[in-house]
Amino acid sequence: MASRAVIARRIFGRGGLGVAGARAMSTGWWGGVEPAAKDPILGVTEAFLADPSPNKVNVGVGAYRDDDGKPVVLECVREAERRISGNLNMEYLPMGGSIRMIEETLKLAYGENSELIKDKRIAAVQALSGTGACRLFADFQKRFLPDSQIYIPVPTWSNHHNIWRDAHVPQRTFHYYHPESKGLDFAGLMDDVKNAPNGSFFLLHACAHNPTGVDPSEEQWREISYQFKVKNHFAFFDMAYQGFASGDPERDAKAIRIFLEDGHLIGCAQSYAKNMGLYGQRVGCLSVLCEDEMQAVAVKSQLQQIARPMYSNPPVHGALIVSIILNDPDLKNLWLKEVKGMADRIIGMRTALRENLESLGSSLSWEHITNQIGMFCYSGLTPEQVDHLTNEFHIYMTRNGRISMAGVTTGNVGYLANAIHEVTKSS
Ligand code: PGU
């Protein structure tokens, strides 16, 4: 048998590996690599898939299912695909993505007749869904304001922390959720906004806050916006669930519109994962509202330059689906109807889950299930209770007690309620 040194010489020539190479070889190249921690959300899906139980229920990931528990391709998407079929040009999109898709996407956030769009004050690029939009912004923030920080709500979507961490932007937190009332900690939030240094960056969920399902009221948004103005803070809106809060994308843009009315220069991440069911197509948009067109041109060019060495340009297929739907009034109407249908089914399941728990005689209050909005119910279950649900009942959810209501169906709601009752009745 040839020795490791001989093999190394064969592969790397007479000089062998050199000192660094020899060290790497002695431990294997990746000997120092430890397995990464499981993702708190996507890891739940992995565990669910590995469970052979016929009774298993997945209310972990925020992905919509129909009442049979099946993933959904919207009718408007199927029609757009029919139109694409055979005609698809698979050439590269420009670095900034599909102009037609972006135009329509901006209208959803900034308003159909927005002066800001007409005045070309918005720097916008197609992004790899909502995650990619957040990451692009975080990298842009670091590059041009390297000393800035980001204030993130407690709690938030777990990946927000990873995104700003990997962009090397220091993170601070602000109060958001009140565990006793299971509602908004408005006083705590406003204090944190007031106490942050002037000109701080804040990450805000535009609607249907993940994981809590708790949004500020319109009046509270107005107060937040006012205080941001006083403090000259920057609001970055993550809008991953437009349409899922109220069933109407226009109404769900209210927080953003209030900030625009007040003259803020905002940033916004938009995603079509949930509201068009385009999860795996990775289609979204990052926009940064600028002072004028010249500034917007400069900002857009820099966003493109950040994208270029990472993925060069974004994928074409999902962008084409979105452009076809939003540029055709009939298909757009069909989409709006389908978004409402998804939101309504979730609302129905909130009522069903609460009623089931109450009819089992649970002495706990489950009012928050129907008070909260959007895809998730922040149930108040402890990590231990969640483990109990998973181990005994094969029910999978994130350990923070978040239930994806999108995975609850007429068929499993009784089973879910019964299991929740079993693990909470002694508490
Ligand atoms: N922002 C928020 C607030 C989200 O909840 C999600 C998705 C995203 C952005 C990113 O979505 P994109 O698919 O990149 O558009 N959260 C889901 C999906 C699973 C995950 O963690 O990515 C969730 O279950 O929380």
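All ligand and atom numbering here is 1-based and tracks the order in the structure.
Considering only non-hydrogen protein atoms, atom 13 (O) of ligand 1 sits nearest to Arg282 NH1, 2.9 Å. Among all non-hydrogen protein atoms, the one lying nearest atom 25 (O) of ligand 1 is Arg402 NH1, 2.9 Å. Among all protein heavy atoms, the one lying closest to atom 7 (C) of ligand 1 is Lys274 NZ, 3.2 Å. At the shortest separation from atom 8 (C) of ligand 1 among protein heavy atoms lies Trp157 CH2, 3.4 Å.
The parts of Ser129 lying near ligand 1 are both backbone and side chain, judged by heavy-atom distances below 4.0 Å. The proximity of Val61 to ligand 1, defined as any non-hydrogen pair under 4.0 Å, involves the side chain as well as the backbone. With a heavy-atom cut-off of 4.0 Å, Tyr272 does not touch ligand 1 at all.
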Donor-acceptor pairs are to be reported for all side-chain atoms of residues 337-348 against protein atoms at under 3.5 Å, with residues two or more places apart or in another chain.
| from | atom 1 | to | atom 2 | distance (Å) |
| --- | --- | --- | --- | --- |
| Glu338 | OE1 | Glu75 | N | 3.2 |
| Glu338 | OE1 | Cys76 | N | 2.9 |
| Glu338 | OE2 | Glu75 | N | 2.7 |
| Lys340 | NZ | Asp344 | OD1 | 3.2 |
| Lys340 | NZ | Asp344 | OD2 | 2.8 |
| Arg345 | NE | Tyr64 | OH | 3.0 |
| Arg345 | NE | Arg65 | O | 3.2 |
| Arg345 | NH1 | Asp67 | OD1 | 3.3 |
| Arg345 | NH1 | Val408 | O | 2.8 |
| Arg345 | NH2 | Arg65 | O | 2.8 |
| Arg345 | NH2 | Ala406 | O | 3.0 |
| Arg345 | NH2 | Val408 | O | 3.1 |

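For Thr156 and His205, the side-chain atoms include at least one donor-acceptor pair closer than 3.5 Å. Under the 3.5 Å distance criterion, with hydrogens and angles disregarded, a donor-acceptor pair is assigned to the side chains of Tyr396 and Asp51.
For ligand 1, none of its N or O atoms has an N or O atom of Ala240 under 3.5 Å away. For Tyr279, no nitrogen or oxygen atom sits less than 3.5 Å from a nitrogen or oxygen atom of ligand 1, counting backbone and side chain alike. Checked against a 3.5 angstrom limit, the closest N/O atoms of His205 and ligand 1 fall outside it.
Summarising the contacts of atom 10 (C) of ligand 1 with Thr131, Leu203, Val283, Thr398, the nearest heavy atom is found in Thr131.
Within the listing of ligand 1, atoms 1 (N), 2 (C), 3 (C), 9 (C) sit less than 4.0 angstrom from a heavy atom of Asp238. Near Ala273, with a cut-off below 4.0 Å to any heavy atom, the atoms of ligand 1 are 13 (O), 15 (O). Those atoms of ligand 1 with a heavy atom of Gly130 less than 4.0 angstrom away are 12 (P), 14 (O), 15 (O). Every atom of ligand 1 is numbered from 1 in the order shown, and the set under 4.0 Å from a heavy atom of Gly62 is 23 (C), 24 (O).
For residues 380-408, the salt bridge (Lys or Arg N to Asp or Glu O under 4.0 Å) pairs, not counting sequence neighbours, are Asp387-Arg399.
Aromatic ring centroids of Phe202 and Phe236 lie 6.0 Å or more apart.
The aromatic rings of His160 and Trp157 stand perpendicular to each other, their planes meeting at an angle above 60°, with 30° marking the opposite boundary. Ring planes of Phe259 and Phe237: perpendicular class, angle over 60° (limits at 30 and 60°). Taking the six-membered ring for Trp and thresholds of 30 and 60 degrees, Tyr241 and Phe376 have ring planes more than 60 degrees apart, a perpendicular arrangement. In this pair, Phe144 and Phe140 present their aromatic rings tilted. The plane angle is within the 30 to 60° band.
Arg83 places no side-chain N or O within 3.5 Å of a backbone atom of Arg78 that could act as its donor or acceptor partner.
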